Number of protein chains: 2
Amino acid sequence: MFSKTAEYAIRATIFIAQKSDPDHKIGIEEISKAIDSPASFTAKILQMLTRGQELISSVRGPNGGFFMTAEARKLPLLRVLELVGEDGVLKKCVLGLKECSEEKPCPLHHRYRKLKPELARMFEEMQIGQLAGELDAGATFVGNKGRGAGKRPMPGGSKATR
Amino acid sequence: MFSKTAEYAIRATIFIAQKSDPDHKIGIEEISKAIDSPASFTAKILQMLTRGQELISSVRGPNGGFFMTAEARKLPLLRVLELVGEDGVLKKCVLGLKECSEEKPCPLHHRYRKLKPELARMFEEMQIGQLAGELDAGATFVGNKGRGAGKRPMPGGSKATR
DNA sequence: TAAATAAAAGACAAAAATATCTTTAATTAT
DNA sequence: ATAATTAAAGATATTTTTGTCTTTTATTTA
Ligand code: FES
Ligand code: FES
């Protein structure tokens, strides 16, 4: 569905929204560890998301790191896709035709017509802050470690970040 | 959403279903021209789809080519995705977590939970023959040429293939 | 001011996806 | 049998994606 870039972008954004605020910034090491992504690669992706400091903000130097403002938290998740240039998934033809329209529909168009807007709406309506809240409540996960299947973390290993 | 491989695979399959039968086989040149795809690459993809001759059949030599049986036309479009190894899109976590479950849901899981099965159902229920019929009726398109926007074909240029 | 810290920027590397080209094998028609 | 045709198979090339490493810049603390 999405590229690794988009996946990491979304997971990182929601994690940053959960863990940070203007005076509790968070570093790339911690982020990539939490979302199970390669640190350097994730750093590159975050550079896309900090352009204009509209979505994710960052400051360099000691006590620096990434964070989000209350404003940014109100943005729709779609903004993340836009910043990494992958909002096309929600707009373009599923079969890769150059044009998606009623005039020249691909064989899936009519059936996909109902689903595509729902998918798009989903990304428009999901608010980053809301998703972060659910993550904070322990209801959702942005990384592979934790509970569920897979190997369990060591008991008492959760020296929570804050 | 899908890779080029999957896109070409679906478009080619539907086109073959429309244009061919056991004694009107169709060659790779014609297929790739019709679906606007690179010929050699499409040939490779068709090799995946002819494995076992369950979906697409082929014979070599003069008057050879690709074709589909009536049986094959009854298969769901999902089969194409399976044969090119991309049915994961319909099953795996949208955010790329290793596991997708209620026990360890990603932040999008609960909202995507309604859509994913609908998408999957779509591919299970779409029957190749049905889609080919609509293509044959001129209601849908598998290539970029034709009508709609873009440049029009020369009037009278449609020396129909059959 | 100097040293330490952390992201930004840039260069580089590896892997995967996409695309092309060549050779081989099967089939048909002559 | 021979030649022609067409897909299969294999090798190779290109591009894009993913990932790493190094250097630079901004910022803070000592
Ligand atoms: S033309 Fe393919 S989805 Fe609209
Ligand atoms: S866990 Fe991500 S979609 Fe189910």
Side-chain angles (χ1 to χ4, degrees), chain A residues 1-13 16 19-20 22-33 35-53 55-68 81 83-86 88-89 95-96, chain B residues 1-13 16 19-20 22-33 35-53 55-68 81 83-86 88-89 95-96:
Chain A
M1 181 102 195
F2 295 116
S3 68
K4 285 294 164 196
T5 296
E7 290 177 359
Y8 296 155
I10 293 175
R11 280 151 57 184
T13 299
I16 293 169
K19 286 282 187 180
S20 76
D23 36 52
H24 283 99
K25 310 188 190 70
I26 180 170
I28 188 61
E29 276 315 318
E30 192 180 348
I31 293 168
S32 61
K33 232 156 240 162
I35 71 172
D36 270 318
S37 70
S40 297
F41 187 41
T42 308
K44 286 289 177 205
I45 295 168
L46 287 181
Q47 286 180 24
M48 304 192 221
L49 303 180
T50 50
R51 294 282 150 80
Q53 310 271 112
L55 178 67
I56 293 177
S57 308
S58 67
V59 303
R60 303 197 247 202
N63 295 314
F66 299 91
F67 67 99
M68 280 176 82
L81 288 184
L83 285 169
V84 296
E86 289 203 30
V89 187
L95 292 191
Chain B
M1 179 99 192
F2 297 116
S3 67
K4 286 293 165 199
T5 295
E7 289 176 359
Y8 297 155
I10 293 175
R11 280 153 56 185
T13 299
I16 293 169
K19 285 282 186 182
S20 78
D23 36 52
H24 283 99
K25 311 189 190 71
I26 180 169
I28 187 62
E29 268 327 308
E30 193 180 346
I31 293 168
S32 62
K33 232 157 241 161
I35 71 172
D36 270 316
S37 69
S40 295
F41 187 43
T42 308
K44 286 291 177 204
I45 296 168
L46 286 182
Q47 287 180 23
M48 302 192 223
L49 303 180
T50 51
R51 294 282 151 81
Q53 309 273 109
L55 178 67
I56 293 178
S57 308
S58 66
V59 303
R60 301 197 247 201
N63 295 312
F66 299 91
F67 67 98
M68 280 176 81
L81 288 183
L83 285 168
V84 297
E86 288 202 30
V89 186
L95 292 192

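We name chains A, B, ... by the order of the sequence lines, and we start the count at 1 in each one. Keep in mind it's a predicted model, so treat the numbers as computed, not measured.
- Classification of B/Lys33 and B/Glu30 as a salt-bridged pair fails, no side-chain N sitting under 4.0 Å from a carboxylate O.
- We find that CD of B/Gln47 is positioned 13 Å from P of D/dA11, with the value rounded to whole Å.
- Looking only at distances, no side-chain donor or acceptor of A/Glu86 sits under 3.5 Å from a matching main-chain atom of A/Phe2.
- Checking A/Thr50 against B/Phe41, the closest nucleotide of DNA chain C that is more toward the 5' end is the one next to A/Thr50.
- Counting to the nearest Å, the P atom of D/dT20 and the CD1 atom of A/Ile45 are 11 Å from each other.
- Side-chain contact, A/Ser37 with A/Thr42: a donor N or O sits under 3.5 Å from an acceptor N or O.
- Looking at heavy-atom distances under 4.0 Å, B/Lys44 makes contact with a base.
- Nearest heavy-atom pair, B/Arg11 versus B/Asp36, reported as atom, atom and distance to 0.1 Å: NH2-O, 3.6 Å.
- Against DNA chain C, the stretch residues 2-10 of chain B makes heavy-atom approaches under 4.0 Å through B/Ser3, B/Lys4, B/Thr5, B/Tyr8.
- We find that CD1 of A/Ile28 is positioned 9 Å from P of C/dA8, with the value rounded to whole Å.
- Between the CG atom of A/Leu49 and the P atom of C/dA9 there is a distance of 13 Å, given to the nearest Å.
- Using a 4.5 Å heavy-atom cutoff, the side chains of B/Ile16 and B/Leu49 are not in contact.
- Residue A/Asn63 places none of its side-chain N or O atoms closer than 4.0 Å to OP1 or OP2 of C/dA6.
- Rounded to an integer number of Å, the gap from B/Met48 CE to D/dA9 P is 13 Å.
- Rounded to whole Å, atom P of C/dA6 lies 15 Å from atom NE2 of A/His24.
- Distances from the side chain of B/Pro62 to the nucleotides D/dA4, D/dA8, D/dG19 place D/dA4 closest.
- Counting non-hydrogen atoms under 4.0 angstrom, A/Ser58 reaches the backbone sugars and phosphates but no base.
- Between A/Val59 and A/Ser40, the one whose closest nucleotide on DNA chain D sits nearer the 5' end is A/Ser40.
- At a threshold of 4.5 Å between non-hydrogen side-chain atoms, the residues B/Ile31 and B/Lys19 do not count as touching.
- No engagement by A/Leu46 is indicated, since no non-hydrogen atom pair under 4.0 Å with the nucleic acid exists.
- Taking atom CG of A/Asp23 as the reference point, atom C1' of D/dT28 lies 16 Å away to the nearest angstrom.
- Of all non-hydrogen atoms in A/Phe67 and A/Ser20, the two that sit nearest each other are CA-OG, 3.1 Å.
- Closest-nucleotide positions on DNA chain D for A/Thr42 and B/Gln53 were compared, and the one nearer the 5' end corresponds to B/Gln53.
- Between B/Arg51 atom CZ and D/dA7 atom P there is a gap of 16 Å when expressed in whole angstrom units.
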